[in-house]
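Note that ligands are numbered from 1 as they come in the structure, with each ligand's atoms numbered from 1 the same way. Since this is a predicted model, take the numbers as computed values, not measurements. When reading the values below, keep in mind they use all heavy atoms of this one structure, side chains included, and skip hydrogens, waters and symmetry mates.
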Amino acid sequence: MKDFSGKVAVITGAGNGFGVEFAKECALREMKVVIADINKEDLKRTENLISDMGAEVISIPTDVSLYEEVENLASKSIERFGSVDLLFNNAGVVVPGPIWELPVNDWDWIMGVNVNGIAYGLKAFIPIMLKQDTPCHIVNTASVAGLLTTPSMAAYHTSKHATVALSESVNYGMQAMNAKVKMSVFCPGFVQTNLHECDRQRPDRFKMDPDEPYYQSKTYQDGLARAHHVINTGIPIDSIGQSVFTAIEEERFYILTHPKYNPLIGKRVKDMLEGVIPSVKTFG
Ligand SMILES: NC(=O)c1ccc[n+]([C@@H]2O[C@H](COP(=O)([O-])OP(=O)(O)OC[C@H]3O[C@@H](n4cnc5c(N)ncnc54)[C@H](O)[C@@H]3O)[C@@H](O)[C@H]2O)c1
């Protein structure tokens, strides 16, 4: 996709972080923009921001972990603008911790948003794009955590590996049909966003149980402190919107923004082929 002016973009997770950057880039390119997020106040802030930039924008509060809400997002987008040309399946959350300690509720929340949310977006929007038969693009936000593994982040890694696999598999389908729908999977390393504060974005059914001992544990507190540290010391966010739009223009499938991880990705594949057991010693 190379022409953006007058086209319609839909962005999930548009209340904070990457979603805001994508919305700003859409506004700069004179796109019509549909922004979605579970947090209405954060969504309003993005709406004001890009509307001040001159964008035609509508906000649709959406919990991407519920299919009916994603379906509603798709139908409201069509109702308002008549087409969808660019989709950012971007909302995501994280809870640190080893799988044998992590509350089942947290696993379900992470999978609900990070995996089901992406799958629901593809299911709701691809038929619209196929029917249009015009050049379209979908960007699924995964992470470099979808190409590598580290200790104590099993749920997040699982969700991001699933996003990479889902993107690859669906993209084969688009190619096989000669569809005009192109796809990218965005796999950044750490970037300064509000991801470490995502507990405030929990829907009611995934609220933290105050009596759950895990949240008082040293494992959880250390994991949280680590999450704050890695996000706060990540790269600044300002280059992200431009990098992702350049990748869309160039029809790049994998969007990698942190070259320092590339040797580790290569090593993981090499180790697999050579039968090397993944070692915790890699992490010092
Ligand atoms: N920041 C990083 O270092 C980093 C690195 C790799 C990948 N990512 C991924 O980038 C994506 C965006 O995260 P971010 O870093 O901008 O974090 P962020 O918290 O700043 O923004 C995420 C947005 O998603 C929204 N959201 C959460 N649950 C939702 C739901 N159920 N329905 C709709 N919206 C929901 C939040 O309200 C928030 O506005 C996520 O998928 C995340 O996993 C982030």
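Residue-level proximity to ligand 1 for V113 is carried by the side chain, the only part with a heavy atom below 4.0 angstrom. Counting heavy atoms under 4.0 Å from ligand 1, residue Q192 does not touch it at all. Residue F186 does not touch ligand 1, judged by heavy-atom distances below 4.0 Å.
Among F206, F190, Y156, the residue whose heavy atom lies closest to atom 8 (N) of ligand 1 is Y156. Proximity annotation for atom 26 (N) of ligand 1: of A91, G15, P203, G19, A91 comes nearest, heavy atoms only. Nearest to atom 33 (C) of ligand 1 by heavy atom, out of L195, T193, T62, V20, is T62. With distances taken over non-hydrogen atoms, the option nearest atom 5 (C) of ligand 1 out of S143, G189, A227 is G189.
Regarding atom 9 (C) of ligand 1, its nearest protein heavy-atom neighbour is T141 CG2, 3.6 Å. In terms of protein heavy-atom proximity, atom 3 (O) of ligand 1 is nearest to V191 N, 2.8 Å. From the protein, the heavy atom lying nearest to atom 16 (O) of ligand 1 is F18 N, 2.9 Å. What sits closest to atom 11 (C) of ligand 1 on the protein, heavy atoms only, is N90 O, 3.1 Å. Among protein heavy atoms, the minimum distance from atom 32 (N) of ligand 1 is reached at V64 N, 3.0 Å. Looking only at protein heavy atoms, the nearest one to atom 24 (O) of ligand 1 is G13 CA, 3.4 Å. At the shortest separation from atom 29 (C) of ligand 1 among protein heavy atoms lies I38 CG2, 3.7 Å. With respect to atom 38 (C) of ligand 1, the closest heavy atom belonging to the protein is D37 OD2, 3.5 Å.
The heavy-atom pair separating V57 from S51 by the smallest distance is CG1-CB, 3.8 Å.
A heavy-atom distance below 4.5 Å is found between the side chains of M1 and K7. For the pair M174 and I138, the minimum side-chain heavy-atom distance is 4.5 Å or more. Side-chain contact between T62 and N72 is absent, with no heavy-atom pair separated by less than 4.5 Å.
A salt bridge does not link R268 with D271: none of the charged nitrogens is closer than 4.0 Å to a carboxylate oxygen. Under a 4.0 Å N-O distance rule, the pair E21/K24 qualifies as a salt bridge. At a threshold of 4.0 Å, the pair D85-K32 does not count as salt-bridged, since none of the basic side-chain nitrogens sits closer than that to a carboxylate oxygen. Ion pairing between a basic and an acidic side chain is recognised when a charged N comes within 4.0 Å of a carboxylate O; E41 and K44 show no such pairing.
Atoms of ligand 1 lying under 4.0 Å from at least one heavy atom of I231, given by number and element, are 1 (N), 2 (C), 3 (O). Residue contact check: Q201 has heavy atoms under 4.0 Å from atoms 27 (C), 36 (C), 37 (O) of ligand 1. Close contacts between ligand 1 and V93 involve ligand atoms 27 (C), 28 (N) [criterion: under 4.0 Å to a heavy atom]. Under a 4.0 Å criterion applied to the non-hydrogen atoms of G17, ligand 1 contributes the atoms 16 (O), 20 (O).
When the options I118, I110, N116 are evaluated for a side chain to side chain contact (heavy atoms under 4.5 Å, CB included) with N114, the one that passes is I110.
Separation of the F88 and F18 ring centroids does not fall under the 6.0 Å cut-off.
Ligand 1 has D63 within reach: a non-hydrogen atom of the residue lies less than 4.0 Å from it. Under a 4.0 angstrom heavy-atom cut-off, K160 registers as being in contact with ligand 1. Residue contacts with ligand 1 include A142, since one of its heavy atoms falls under 4.0 Å from the ligand.
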